Amino acid sequence: MARIAGVNIPTGKRVVIALQYIHGIGPKKAEEITGKVGIPAERRVNELTDAEVLQIREAIDRDYVVEGDLRREVSMNIKRLMDLACYRGLRHRKQLPVRGQRTHTNARTRKGKAKPIAGKKK
């Protein structure tokens, strides 16, 4: 099992797919990384040599913000918005949708399970 950026990537999958298990790497960045390192698209992780795994690891460390650093950066951005008390920060603080979605109905993912209001039944 190859370990890249602190994540054990699955061995049986193609390299492009396996790299996407790392937080911060999607399909596009995975293609870019394999292109830079020069690994063919149909190559599987268990077929990689140690040198190729090292090249992938170095390319990711050099060019991309992934895993812990990315999570920290995102949480600091959210904290900054909350400290500024701007509209988006207030929405984060109240755990409501931030990007203009309606909340009269829906928004259950952010708001949690619906709470029944007493005295509504007839």
Side-chain angles (χ1 to χ4, degrees):
M1 200 172 240
R3 190 167 177 82
I4 299 173
V7 177
N8 293 330
I9 60 174
T11 53
K13 296 185 185 279
R14 291 188 351 225
V15 178
V16 176
I17 303 300
L19 283 176
Q20 294 177 39
Y21 279 71
I22 300 169
H23 180 75
I25 295 179
K28 186 111 167 79
K29 286 185 181 177
E31 289 282 343
E32 284 177 16
I33 292 165
T34 53
K36 284 180 189 175
V37 177
I39 295 172
E42 63 278 352
R43 197 78 157 293
R44 304 236 171 224
V45 175
N46 54 9
E47 298 169 358
L48 291 176
T49 63
D50 290 337
E52 288 173 330
V53 172
L54 187 65
Q55 281 181 317
I56 291 171
R57 196 176 295 138
E58 287 171 353
I60 290 172
D61 288 341
R62 183 178 61 244
D63 300 330
Y64 302 100
V65 179
V66 292
E67 278 302 319
D69 295 335
L70 180 62
R71 291 179 204 273
R72 192 175 309 107
E73 189 176 314
V74 169
S75 68
M76 290 303 292
N77 288 340
I78 292 171
K79 187 178 180 314
R80 179 180 53 80
L81 289 171
M82 286 165 50
D83 290 343
L84 285 173
C86 63
Y87 182 76
R88 282 173 58 202
L90 296 176
R91 301 296 282 182
H92 272 293
R93 201 179 294 165
K94 293 178 185 174
Q95 295 183 342
L96 290 168
V98 177
R99 297 185 178 179
Q101 298 92 332
R102 67 175 307 159
T103 57
H104 182 69
T105 60
N106 303 338
R108 293 275 49 121
T109 304
R110 280 302 291 240
K111 290 168 77 174
K113 195 170 182 326
K115 299 166 203 79
I117 299 167
K120 273 280 189 169
K121 279 191 271 184
K122 274 207 162 185

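In this text, all values refer to a predicted model and were calculated from it rather than measured experimentally.
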Apart from [X] itself, which Ile, Leu, Val, Met, Phe, Trp or Tyr residues share its cluster (side-chain heavy atoms under 4.5 Å, direct or through members)?
{"X": "Val65", "value": "Leu70, Val74, Ile78, Met82"}
{"X": "Ile56", "value": "Ile4, Val7, Ile9, Val15, Leu19, Ile22, Ile25, Ile33, Val37, Ile39, Val45, Leu48, Val53, Ile60, Tyr64, Val66"}
{"X": "Leu96", "value": "none"}

To the nearest 0.5 Å, what is the distance between [atom1] on [X] and [atom2] on [Y]?
{"X": "Arg108", "Y": "Thr103", "atom1": "CZ", "atom2": "OG1", "value": "9.5 Å"}
{"X": "Lys94", "Y": "Arg110", "atom1": "NZ", "atom2": "CZ", "value": "12.5 Å"}
{"X": "Lys36", "Y": "Glu32", "atom1": "NZ", "atom2": "CD", "value": "6.0 Å"}
{"X": "Arg44", "Y": "Lys13", "atom1": "CZ", "atom2": "NZ", "value": "9.0 Å"}

[X] and [Y]: which non-hydrogen atoms are nearest, and at how many Å?
{"X": "Gln20", "Y": "Ala30", "result": "CG-CB, 4.2 Å"}
{"X": "Thr34", "Y": "Glu31", "result": "OG1-O, 2.9 Å"}
{"X": "Pro97", "Y": "Ala107", "result": "CG-CB, 3.7 Å"}
{"X": "Arg71", "Y": "His23", "result": "NH2-CB, 3.5 Å"}

Check this for me, if you would: do Arg72 and Asp69 make a salt bridge, where the nitrogen-to-carboxylate-oxygen distance has to be below 4.0 angstrom?
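Judged by the 4.0 Å cut-off on N to carboxylate O distance, Arg72 and Asp69 do form a salt bridge.
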Under a 4.0 Å threshold between the charged nitrogen and the carboxylate oxygen, would Arg57 count as salt-bridged to Asp61?
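No, no charged N to carboxylate O under 4.0 Å.
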More than 12 heavy atoms from other groups under 6.0 Å of [atom1] on [X]:
{"X": "Asp83", "atom1": "CG", "result": "yes"}
{"X": "Arg88", "atom1": "CZ", "result": "no"}
{"X": "Lys111", "atom1": "NZ", "result": "yes"}
{"X": "Gln95", "atom1": "CD", "result": "no"}

